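First comes the structure, then the notes that go with it.
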Amino acid sequence: MLKTRFTELVGCSVPIQQAGMGDGAPPELAAAVSNAGALGMLGTARPGGEEPTNLAKLIEQTRALTSRPFGINFIIDERHESTRIPRASFELAADAARVVEIFLWSAPDPTLFDLIHRRGALVSCQVGSCEAAVAAVASGADIIVAQGIGAGGHVLGTVGILALLDEVLDAVKVPVLAAGGIGSGRALAAVLAAGADGARVGTRFVAAEETGVHPVYSEALLRARAHNTVYTEAFYLNWPNAPHRVLRSSLEAAQAFPGAIVGELPSLDGTMVPFRRFECGVPRKDASGAIEAMSLFAGEGVGSVTRFQSAAEIVSELAEEAESLLRRWGASERVAVAADA
Ligand SMILES: Cc1cc2nc3c(=O)[nH]c(=O)nc-3n(C[C@H](O)[C@H](O)[C@H](O)COP(=O)(O)O)c2cc1C
């Protein structure tokens, strides 16, 4: 068993945090990951997902499926009205979850962190630079997720994960997770050996059996490798100036698509919403249309997605592989305290 400052603080047994991924991280996935001993994260960045009434339902569904610690992820980007989130949603999240996480596209707000703390939750911040990590900790963040440029989905990081991790570990004292392109036990072992307290894994879980995404999307992941992803700002319509990493095939399909609307996405209240060409969003299971031309987010670790597996299998495979490598290097006692399994 791998114990780190992250597992101790959060109360889980595996140093893996599943990424909050909007519709890609529904209650079923978050709960399955938490039940497997890692930290499951409920995604809220979905049409209507951050509204208190809808969020309360998502929380209720998650709680019905797990009694283990889980987290709730939000994106804050003050540059855009569309990402303004009601305070009531943070209150609901902090009352229900062990970790409330903010993907920080704007300066951190210490009053928000204070509100989350007062309601009993930890604050995690995903950042893309050392400066942002320092600012988040100065504002009260308990956990930092350092995101490298190899990450899938929206990407704040501008450099590779190991270079960023080095800087962040020198600069902050709170537990640090590494994110971006980590899909195998080898990669998990590497960031643990480098001093991280765990890894945040997104793309690998998109193809989990409990995923919320459309099968056309998860099947495309099975066929892709790192060089089939591209860092771009092409899917910009509902969130401009926000780089992201997608499957190159989805970008090419969107470029070749003849019309303005590629398909439809049901929102949480059941109404169908058009999905425009070059809009960004996670194509849900029940989306329709040219799924292959929607923003199919994927990180550089996509080559590790080789088959459909349950979230529990993914967690145990990553943890066992990492632990055996750390033991082989004689590093397990030093970097990630190995308790008796
Ligand atoms: C499908 C998908 C959707 C994502 N949506 C979000 C999100 O809503 N909030 C967030 O903080 N990060 C989101 N991310 C980024 C992740 O938090 C994380 O940085 C990334 O998945 C790590 O890289 P990996 O995908 O290579 O594991 C998303 C990633 C993917 C793949």
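Computed from a predicted model, the values in this text were never measured in an experiment. Start at 1 and go down the list; that is how both ligands and their atoms are numbered. The basis for the numbers below is simple: all heavy atoms, side chains too, and nothing from hydrogens, waters or symmetry mates.
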Does Gly22 have a non-hydrogen atom less than 4.0 Å from ligand 1?
yes
Could you list the atoms of ligand 1 found under 4.0 angstrom from a heavy atom of [X]?
X	value
Val201	27 (O)
Ile75	7 (C), 8 (O), 9 (N)
Gln126	10 (C), 11 (O), 12 (N), 17 (O), 18 (C), 19 (O)
Tyr217	1 (C)
Gln147	19 (O)
Ala45	8 (O)
Asn73	7 (C), 8 (O), 9 (N), 10 (C), 11 (O)
Gly181	23 (O), 24 (P), 26 (O)

Are Val155 and Met294 linked, directly or through other ILVMFWY residues, by side chains that come within less than 4.5 angstrom of each other?
no
Evaluating non-hydrogen atoms only, which member of [options] is closest to [atom]?
atom	options	value
atom 23 (O) of ligand 1	Gly152, Gly49, Ala146, Gly299	Gly152
atom 3 (C) of ligand 1	Met21, Arg204, Gln18	Met21
atom 13 (C) of ligand 1	Gly20, Ser304, Gly153	Gly20

Hey, what's the ring geometry for Phe74 with Phe90, parallel, tilted or perpendicular (30° and 60° as the breaks)?
tilted
Gly202, any N or O under 3.5 Å of ligand 1 N or O
yes
Nitrogen or oxygen atoms of Thr203 and ligand 1 under 3.5 Å apart
yes
Taking the ring of Phe297 and the ring of His154, is the distance between their centroids below 6.0 Å?
yes
Just one of Ile143, Ile16, Val14 clears the side chain to side chain contact (heavy atoms under 4.5 Å, CB included) bar with Phe6, so which one?
Ile143
Looking only at heavy atoms, is any part of Thr44 under 4.0 Å from ligand 1, and if so is it the side chain, the backbone, or both, or is it neither?
neither
Proximity of Phe74 to ligand 1 by residue part, where a heavy atom lies under 4.0 Å
neither
